[in-house]
> 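Take a look at the following structure, please.
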There are 2 protein chains.
Amino acid sequence: MAEALYKHVFSDVKRAIFEGEYKPGDMLPSENELAAKYNTSRVTIRKSLGMLENERIVKSWHGKGYFVIEPEHAKFTFVYEEHNKALESKLQYIRLLHPEAEVQSALHIDPSQRVVSIMRILYNTKKNMLCDLMYLPYQKGMPLIEMEIQYADFPDLVKNKVSTFAIHTKMEIGIAAVTGEVAKRLMLEEGTSVLVIYRYLYDEMERPVAFGKRYLHPDCGHLTAHSGFFPG
Amino acid sequence: MAEALYKHVFSDVKRAIFEGEYKPGDMLPSENELAAKYNTSRVTIRKSLGMLENERIVKSWHGKGYFVIEPEHAKFTFVYEEHNKALESKLQYIRLLHPEAEVQSALHIDPSQRVVSIMRILYNTKKNMLCDLMYLPYQKGMPLIEMEIQYADFPDLVKNKVSTFAIHTKMEIGIAAVTGEVAKRLMLEEGTSVLVIYRYLYDEMERPVAFGKRYLHPDCGHLTAHSGFFPG
DNA sequence: CGTTATTTGTGCGTATGTATA
DNA sequence: CTATACATACGCACAAATAAC
């Protein structure tokens with residue numbers, strides 16, 4: 001089967017842009033010109049140009065034409081898997097407690113309201129690599145069954161209550177000194193600085209529904225993100 | 001002006017998905033059924049469904065139908081501005097030197113080849129917030145003029161040599177202890193742990209063309225990223 | 001100021017191909 | 001084999017924005 005025509009036009013124009021034939025700011029030939037050049041219809045050309053627009057390579061202006069845009073190198077895509085498949089997970093405890101200041105502020109609740117606190121350790125054959133803490137506002141009838149929680153992903157914890165599409169999450173990366181239980185479980189000296197990943201889950205009304213902290217053992221290495229154009 | 005028909009269909013189906021009328025895994029009505037429902041043509045429906053597909057909300061299977069997919073909560077978008085607009089930038093030095101091991105390995109060069117090393121400080125009215133180090137393989141005739149480099153973004157440094165679209169960058173976040181010149185400039189004690197952002201620039205052949213390290217003063221706070229669906 | 005040509009935006013009808021059940 | 005569903009592609013018409021005259 002021959003390659004679809006619109007795909008051919010798409011990759012041919014894309015190639016021309018990547019090779020510098022059209023530079024950022026340049027106008028592409030009009031739809032009609034391209035249709036003539038590739039000996040096809042305007043509809044097909046529009047499909048190809050639409051794909052280039054989706055990839056943020058060109059932008060169309062009504063009545064003017066299509067223009068090559070400046071690529072975005074400031075936006076990075078971070079792939080962060082809640083469940084690292086190379087690591088085993090072990091539940092440490094589930095406690096019902098009155099939140100400390102950090103958790104209060106993250107979940108927008110007052111000290112009188114209790115929260116469920118869950119600690120998990122993620123480890124490989126050699127050592128404990130991550131210490132994961134999660135906090136959820138406690139409500140009566142909440143399932144505290146260990147097995148349910150042990151393997152649950154962060155968004156899974158609340159997905160039954162709201163539509164998965166309504167949830168969005170925020171991730172923050174910071175640095176913190178490990179103390180007490182966390183230091184002991186990661187087998188680090190008290191006060192050692194480690195990377196910390198903070199996770200915030202919000203529902204469709206922007207209300208915080210969960211808060212998590214994850215302490216990374218130094219041997220976990222770096223967190224990586226990418227920018228630029230990638231296939232797929 | 002009335003809203004375009006295809007936009008109406010798009011947002012109406014999207015709303016239905018977000019409200020849980022169609023759940024992840026569900027099949028949407030067929031193109032023909034939707035065309036009948038909205039009293040329009042199949043072409044228009046395809047446009048709307050194509051938009052939903054671009055937003056990774058549905059996926060079509062040839063001969064089967066359109067299916068609601070599970071939202072991706074593991075991919076985060078990091079917006080990282082090389083030039084923080086709230087901060088002033090000051091060039092500290094430009095040196096030509098033989099690279100240390102870390103830089104050698106990052107740029108895939110051997111110790112005999114020299115690199116241009118550039119240090120900048122980014123500061124606000126109160127204090128120095130960032131210490132930025134960049135390394136570029138040195139080539140004869142390279143412009144070392146300070147003014148050119150002082151305000152250059154990371155990708156700008158190489159954009160004249162290759163197409164901007166061919167460049168892609170990687171970002172890593174780690175933790176490191178500040179020493180020597182860096183510690184002094186950030187006014188931190190030797191050995192203090194700080195967040196470090198590593199940047200790698202690659203050309204179209206995946207060859208490294210620049211390497212950067214950026215030490216963040218603790219007062220810079222956290223790095224944040226988002227996941228889920230956002231308008232625009 | 002309006003006129004006109006150009007360019008993109010929206011929308012319909014139709015035909016044929018191909019994958020799935 | 002057949003019915004259904006999506007994929008590709010063409011032609012046409014009109015609307016709306018832009019720019020040049």
> Which nucleotide in the list D:dT8, C:dG11, C:dG9 gets nearest to the side chain of A:R46?
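So the side chain of A:R46 is nearest to C:dG9.
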> Can you measure A:Y6 atom OH to D:dT8 atom C1' for me and round it to whole angstrom units?
8 Å
> Taking only the side-chain heavy atoms of A:S60 (C-beta and beyond), determine which of C:dT8, C:dC12, D:dC6 contains the nearest atom.
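Ranking C:dT8, C:dC12, D:dC6 by closest atom to the A:S60 side chain puts C:dT8 first.
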> Between D:dA17, D:dA7, D:dA9, which nucleotide has the shortest distance from any of its atoms to the side chain of B:H62?
D:dA7
> In this structure, how many angstroms lie between the P atom of C:dT10 and the OH atom of B:Y38, rounded?
18 Å
> Can we say A:K37 and A:E33 salt-bridge, meaning some charged N sits less than 4.0 Å from an Asp/Glu carboxylate O?
no
> Nearest of D:dC10, C:dA19, D:dA19 to any side-chain atom of A:K64?
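Of the candidates, D:dA19 comes closest.
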> Compare the minimum distances between each of C:dT8, C:dG11, C:dA19 and the side chain of B:A4, then state the nucleotide with the smallest one.
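Nearest to the side-chain atoms of B:A4, counting from C-beta on, is C:dG11.
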> Given C:dG11, D:dA9, C:dT10, identify the nucleotide with an atom nearest to the side chain of A:R42.
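The listed nucleotide nearest to A:R42's side chain is C:dT10.
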> In whole angstroms, how far is the C1' atom of D:dC10 from the CD atom of A:E31?
15 Å
> Roughly, in whole Å, what's the span from CE in B:M51 to C1' in C:dG9?
13 Å
> Mind calculating the distance between CG (B:N32) and C1' (D:dA3) to the nearest angstrom?
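Rounded to whole Å, this separation is 12 Å.
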> Inspect the contact between A:D26 and A:K23 and indicate whether a charged nitrogen and a carboxylate oxygen are less than 4.0 angstrom apart.
no
> For B:K7, report the nucleic acid contact type (base, sugar-phosphate, nothing); a contact means any heavy atom under 4.0 Å.
sugar-phosphate
> Over how many whole Å does the gap from A:I45 atom CD1 to D:dG11 atom P extend?
12 Å
> Measuring from the side chain of B:K47 (C-beta onward, heavy atoms only), which nucleotide among D:dA17, D:dC10, C:dT10 has the closest atom?
C:dT10
> Compare all side-chain heavy atoms of B:R46 with those of B:Y6 and state whether any distance is below 4.5 angstrom.
no
> Rounded to whole Å, how long is the line connecting atom CD of A:E33 with atom C1' of C:dA5?
13 Å
> Can you tell which of D:dA7, C:dT8, D:dT8 lies closest to the side chain of B:Y66?
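Within the option list, the nearest is D:dA7.
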> To the nearest Å, give me how far apart NE2 (A:H8) and P (D:dA7) are.
22 Å
> Answer yes when B:E88 and B:K90 have at least one side-chain N-carboxylate O distance shorter than 4.0 Å, and no when they do not.
no
> What nucleotide among D:dG11, C:dC12, D:dC6 has an atom nearest to a side-chain atom of A:V43?
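From the listed options, D:dG11 comes nearest.
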> In this structure, which one of A:K213, A:Q92, A:R199, A:R214 forms a side-chain hydrogen bond (donor to acceptor under 3.5 Å, both in side chains) with A:D132?
A:R214
